[in-house]
There are 2 protein chains.
Amino acid sequence: MKLSEAEWKAMNIVWRKAPVSARDVLEDVECETGWSYSTVKTILTRLCDKGVLSMRKRANTSYFAPKLSENQARKSAIRNLLDNAFDGTFGSLLQHVAKEEKLSNKDRDALAEMLRELDERKRSAS
Amino acid sequence: MKLSEAEWKAMNIVWRKAPVSARDVLEDVECETGWSYSTVKTILTRLCDKGVLSMRKRANTSYFAPKLSENQARKSAIRNLLDNAFDGTFGSLLQHVAKEEKLSNKDRDALAEMLRELDERKRSAS
DNA sequence: TATCTTCTGCTACAGATGTAACACATGGGC
DNA sequence: GCCCATGTGTTACATCTGTAGCAGAAGATA
């Protein structure tokens, strides 16, 4: 499932706060995006059409919840990035990151954590 | 600079083989995409309009070369991914990768390489 | 030079995306 | 029960993207 930029913004709120109304989402992104209520509504409706969100009505208000998990969406996004820009492989991406990107200390910590995890898994697998 | 999927396919060829004609590109992607000559031409023209490619005519044929480097494009792509899906941080991405994605041995090697590089740089910086 | 091949520039059109207005429905407060 | 605020569904429209056809220009070939 491919999400557009606007859809990611909406989904990021839905994942954190589901079930949410259109107004809830609006309040959350208003400052950042300047969207109108209508815009939010349209985006959420389209996400329902795509099967990414479910909608349930309570009184006259619709509440939205994710049908696609954040992890699923993230996996797809990474896959797309790899396919478009990195020969389809993580290796290529990681190499680029190592050579070209500046990592913050926080990022470095995350990386260390990642290694621990990988190591652990390798150990328990063998 | 944001590239679409079709544009990535074209650019991946241009970066490897510049300067290229539309036909060169076509021959390279034809099997994979089934594009017609016209389609390739349109994509290349649009990339020129966007300032991503330069065009030079020799005889009656146009040859295209990148104005945007692959690294630049990759950086943008990564940035977009991070902003959309990972709180804008590498840390978040790497954490996801560690927890959720299966890495091949090759990927693991690339990762090790990445660590060596990072380590080296840290060492020479301190 | 007449013709064939190939390239260019222009035009087209459907679907996705960003953004929003508007008319109408309705639940909640008075 | 009536009105208002808020929500809904519908429609709109510009831009971007995917995909391609066509007419005319210009090398290439005989």
Side-chain angles (χ1 to χ4, degrees), chain A residues 1-14 19-65 68 73 76-77 80-81 83-85, chain B residues 1-14 19-65 68 73 76-77 80-81 83-85:
Chain A
M1 184 55 48
K2 210 165 162 46
L3 302 177
S4 77
E5 210 163 308
E7 287 168 343
W8 271 104
K9 280 203 210 316
M11 287 306 292
N12 280 326
I13 293 160
V14 178
V20 284
S21 67
R23 185 145 309 269
D24 295 336
V25 173
L26 177 59
E27 269 156 19
D28 220 290
V29 291
E30 207 165 22
C31 293
E32 193 198 337
T33 63
W35 286 343
S36 75
Y37 181 90
S38 272
T39 300
V40 173
K41 197 68 204 322
T42 303
I43 293 170
L44 294 175
T45 303
R46 285 179 185 167
L47 284 167
C48 282
D49 293 347
K50 286 193 185 182
V52 171
L53 287 183
S54 67
M55 179 187 3
R56 204 170 34 103
K57 262 193 158 171
R58 186 202 293 244
N60 73 333
T61 302
S62 301
Y63 290 85
F64 300 87
L68 180 75
S76 289
N80 280 325
L81 176 71
D83 288 344
N84 283 334
Chain B
M1 184 53 50
K2 211 166 159 46
L3 303 177
S4 76
E5 210 162 307
E7 287 169 343
W8 272 104
K9 279 203 210 315
M11 288 305 294
N12 281 326
I13 292 160
V14 178
V20 284
S21 67
R23 186 147 306 272
D24 294 336
V25 174
L26 177 59
E27 268 157 19
D28 218 294
V29 291
E30 207 164 22
C31 294
E32 193 198 337
T33 63
W35 286 343
S36 76
Y37 182 90
S38 272
T39 299
V40 174
K41 197 70 203 324
T42 303
I43 292 170
L44 293 175
T45 302
R46 285 179 184 167
L47 284 166
C48 282
D49 293 345
K50 286 194 185 182
V52 172
L53 288 183
S54 68
M55 178 188 1
R56 203 171 35 105
K57 263 193 159 169
R58 185 202 295 243
N60 73 335
T61 302
S62 301
Y63 290 86
F64 300 87
L68 180 75
S76 289
N80 279 324
L81 176 70
D83 288 344
N84 282 335

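Below, each value reflects all heavy atoms present in this structure, side chains not excepted, and no hydrogens, waters or symmetry copies.
Dashed line: the shortest gap from a side-chain N or O of A/Tyr37 to OP1 or OP2 of D/dT8 is under 4.0 Å. Between D/dA20 and B/Lys41, no contact under 4.0 Å exists linking OP1 or OP2 to a side-chain N or O.
Against DNA chain C, the stretch residues 22-34 of chain B makes heavy-atom approaches under 4.0 Å through B/Arg23.
Here the CG-CG distance, from A/Leu68 to A/Leu3, works out to 6.5 Å after rounding to the nearest 0.5 Å. In this structure, A/Leu47 CG and A/Met1 CE are separated by 9.5 Å, a value rounded to the nearest 0.5 Å. To the nearest 0.5 Å, atoms CZ (A/Phe64) and OG (A/Ser21) are separated by 8.5 Å. From A/Lys9, atom NZ reaches atom OG1 of A/Thr33 across 7.5 Å, with rounding to the nearest 0.5 Å. Taking CD of B/Glu5 as the start and CG of A/Asn84 as the end, the distance is 5.0 Å to the nearest 0.5 Å. Taken from CG in B/Leu81 to CG in A/Leu81, the straight-line distance is 5.5 Å, to the nearest 0.5 Å.
Read 5' to 3', the first and last nucleotides of DNA chain C with an atom closer than 4.0 Å to a heavy atom of chain A are C/dT17 to C/dG27.
D/dA20 atom C1' lies 14 Å from atom CG of B/Leu44, rounded to whole Å. Between A/Arg56 atom CZ and D/dT8 atom C1' there is a gap of 17 Å when expressed in whole angstrom units.
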All N/O donor-acceptor pairs, side-chain side in residues 37-45 of chain A, below 3.5 Å, sequence neighbours left out:
residue	atom	partner	partner atom	Å
A/Thr39	OG1	A/Ser36	OG	3.2
A/Thr42	OG1	A/Ser38	O	2.9
A/Thr45	OG1	A/Lys41	O	2.8

For nucleotides 14-18 of chain D, tabulate all protein N/O to nucleotide N/O atom pairs closer than 3.5 Å, reporting atom names and distance.
residue	atom	partner	partner atom	Å
D/dT17	OP2	B/Lys50	NZ	3.3
D/dG18	OP1	B/Ala6	N	3.3
D/dG18	OP2	B/Ser4	OG	2.5
D/dG18	N7	B/Arg46	NH1	2.9
D/dG18	O6	B/Arg46	NH2	3.0

**OP:** If a protein heavy atom is under 4.0 Å from the base, mark B; if only from the sugar-phosphate, S; if neither, -; do that for nucleotides 22-30 of chain D going 5' to 3'.
**Re:** B---S----
**OP:** Show the numbers, then the answer: is there a side-chain contact (heavy atoms from CB on, under 4.5 Å) between B/Val14 and B/Leu53?
**Re:** CA-CA 9 Å; B/Val14 178; B/Leu53 288 183; 3.7 Å; yes
Original post:
Hey, mind stepping through A/Trp35 and A/Val29 against side-chain contact (heavy atoms from CB on, under 4.5 Å) and telling me if it holds?
Top reply: CA-CA 8 Å; A/Trp35 286 343; A/Val29 291; 3.6 Å; yes
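Judged as a side chain to side chain donor-acceptor pair (under 3.5 Å), the pairs with a partner in residues 48-62 of chain B (not counting sequence neighbours) are, in order, B/Glu7-B/Lys50.
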